[in-house]
Amino acid sequence: MAPRDSISAAIQAAVAQGRPALVGYLTAGFPTRRQFKDHFIAVASACDVVEVGVPFTDPMADGTTIQRASFVALADGVTLPWIIEEIKALRAQRTAPTLLMSYLNPLLAYGLEALTRDAAAAGISGFIVPDLPYEESDDLRRAVDREGLALVQMVTPVTPAERLATLCSGAQGFVYAVTMTGTTGRIAGAGPAAGVPDDVLEYMDRVKRCSRIPVCAGFGIRSREQVARFAAHVDGVVIGSALVEVLEQGGDVKAFLASLR
């Protein structure tokens with residue numbers, strides 16, 4: 001099985017158990033570098049897929065929680081080479097496929113061929129690159145293809161139908177269906193209870209009809225009620241800011257993630 005296929009397989013295995021997959025996000029090196037390995041293992045043991053954020057100085061898709069995490073990690077000396085080496089050291093203990101979520105500049109600075117070669121050697125299965133337009137992704141796509149890695153595509157509620165078809169066709173691993181036009185943190189228009197507007201679920205249904213691979217909803221998902229609302233409309237959910245906040249507060253990662261199921 002190619003590394004990219006392990007992502008889809010993990011999500012589909014969760015669906016086969018009658019539940020949406022959990023994709024857990026943590027910012028590498030936050031709250032401190034020395035805690036990263038323990039936090040990574042905890043998230044990997046409780047989630048179906050792990051998404052590791054590469055801290056960046058201008059995280060344009062991220063809300064205040066992940067922005068704060070990025071700035072703290074950068075101040076603590078976290079770099080992309082360090083992240084890859086840390087993940088590589090944990091390869092034998094990992095129980096879930098791992099993705100790197102990074103803006104484009106750190107990847108280019110590393111060098112795309114070296115990046116994908118080293119990522120594959122570390123057991124990383126793919127990448128999410130929020131600021132890389134599909135039309136400009138050929139170089140990275142060729143590099144990940146050589147190693148069998150995934151390049152996950154992101155879609156939004158305002159993605160036109162024709163472009164949605166293009167992005168779903170080019171996606172690998174899963175389609176990342178952003179819940180809103182905004183940054184990470186909370187779903188726009190969400191109420192205190194279920195907190196997922198009907199139009200968001202209708203949009204998820206459109207993405208599901210378009211995609212040949214699993215679809216995961218992300219941005220602003222933070223409660224059991226929200227996960228339950230999404231369950232019939234997607235294959236998985238991405239838990240980001242809420243999980244970073246648990247880590248920041250020294251909370252029980254496994255207990256929090258278990259409470260979402």
Side-chain angles (χ1 to χ4, degrees), residues 1-16 20-25 44 47-54 61 80 83-84 87 91 94 96-104 106-108 110-156 159 161-179 203-204 206-219 234-240:
M1 179 184 296
R4 67 163 64 107
D5 297 326
S6 68
I7 302 167
S8 297
I11 296 169
Q12 290 163 343
V15 173
L22 287 184
V23 180
Y25 171 96
C47 288
D48 302 287
V49 178
V50 181
E51 180 186 344
V52 176
V54 177
L80 180 53
I83 295 168
I84 291 174
I87 294 174
R91 187 167 189 173
R94 199 153 61 242
T98 301
L99 288 157
L100 288 186
M101 197 294 285
S102 177
Y103 294 90
L104 185 59
L107 307 185
L108 294 177
Y110 197 109
L112 297 184
E113 290 193 14
L115 168 74
T116 51
R117 181 188 64 239
D118 293 350
I124 293 164
S125 298
F127 297 87
I128 303 169
V129 189
D131 61 343
L132 177 61
Y134 180 80
E135 292 80 4
E136 298 178 22
S137 65
D138 286 353
D139 289 345
L140 180 54
R141 190 175 299 279
R142 281 192 292 269
V144 298
D145 282 348
R146 278 192 289 270
E147 302 293 344
L149 308 181
L151 182 55
V152 173
Q153 296 296 322
M154 303 179 89
V155 301
T156 78
T159 302
E162 184 176 345
R163 183 167 182 78
L164 178 63
T166 297
L167 294 173
C168 287
S169 175
Q172 300 162 330
F174 66 91
V175 174
Y176 194 132
V178 176
T179 62
Y203 146 63
M204 294 296 162
R206 293 199 307 273
V207 180
K208 277 284 290 177
R209 288 193 296 269
C210 189
S211 179
R212 75 195 192 288
I213 60 175
V215 174
C216 295
F219 283 34
V234 296
D235 302 292
V237 293
V238 182
I239 310 299

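For this chain, numbers begin at 1 and follow the sequence in order.
To the nearest 0.5 Å, the span separating OG1 on T116 from CZ on R142 amounts to 12.0 Å. The CD atom of Q12 sits 9.0 Å away from atom CD1 of I213, with the distance rounded to the nearest 0.5 Å. The SG atom of C168 sits 10.5 Å away from the NZ atom of K208 when rounded to the nearest 0.5 Å. The structure places CZ of F219 at 5.0 Å from OH of Y176, a figure rounded to the nearest 0.5 Å. Separating the CG atom in L132 from the CG atom in L108 is a distance of 8.5 Å, to the nearest 0.5 Å.
Side chain of R146 to backbone of R117: no donor-acceptor contact under 3.5 angstrom is found. Between the side chain of S169 and the backbone N or O of T166 there is no donor-acceptor pair closer than 3.5 Å. Without hydrogens or angle criteria, R163 side chain to V155 main chain gives no donor-acceptor distance under 3.5 Å. In terms of modelled atom types and a separation under 3.5 Å, the side chain of D131 and the main chain of L104 share a donor-acceptor contact. Put simply, the side chain of Y203 gets close to the backbone of V178: a donor and an acceptor are under 3.5 Å apart. Of the possible polar contacts, one joining the S8 side chain to the G173 backbone as a donor-acceptor pair under 3.5 Å is found.
Nearest heavy atoms, V23 versus C216: CG2-SG, 4.2 Å. Among all heavy-atom pairs drawn from P97 and S6, the shortest one is CG-O, 3.4 Å. Minimum heavy-atom separation, L151 to R141: CD2-NH2, 3.9 Å. Contact detail for T179 and A217: the closest heavy-atom pair is CG2-CB, 4.3 Å. Across all their heavy atoms, V215 and V234 have their closest contact at O-CB, 3.5 Å. Closest non-hydrogen pair, V144 versus F127, comes out as CG1-CD1, 3.9 Å.
Looking at I87 and L100, their side chains come closer than 4.5 Å, going by heavy atoms from C-beta outward. Looking at heavy atoms from C-beta onward, L164 lies in side-chain contact with V207 at the 4.5 angstrom threshold. At least one side-chain heavy atom of L99 sits less than 4.5 Å from a side-chain heavy atom of F174. Within the 4.5 Å cutoff, side-chain heavy atoms of I84 are placed close to those of L115. Taking 4.5 Å as the limit, some side-chain heavy atom of P130 sits within range of a side-chain heavy atom of M154. Put simply, the side chain of V238 reaches to within 4.5 Å of the side chain of E51, judged on heavy atoms. Side-chain contact between M101 and V152 is absent, with no heavy-atom pair separated by less than 4.5 Å.
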Between I124 and V52, is the side chain to side chain contact (heavy atoms under 4.5 Å, CB included) condition met? List the steps. CA-CA 10 Å; I124 293 164; V52 176; over 6 Å; no
Go through the steps for D145 and Q172 under the test side chain to side chain contact (heavy atoms under 4.5 Å, CB included), then give the verdict. CA-CA 10 Å; D145 282 348; Q172 300 162 330; 3.4 Å; yes
Passes side chain to side chain contact (heavy atoms under 4.5 Å, CB included), T98 versus R91? Steps please. CA-CA 10 Å; T98 301; R91 187 167 189 173; over 6 Å; no
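Evaluation of the side chain to side chain donor-acceptor pair (under 3.5 Å) rule for T159 yields T156 as partners, not counting sequence neighbours.
The environment of CD in E135 is crowded: more than 12 heavy-atom neighbours from other residues, nucleotides or ligands sit within 6.0 Å.
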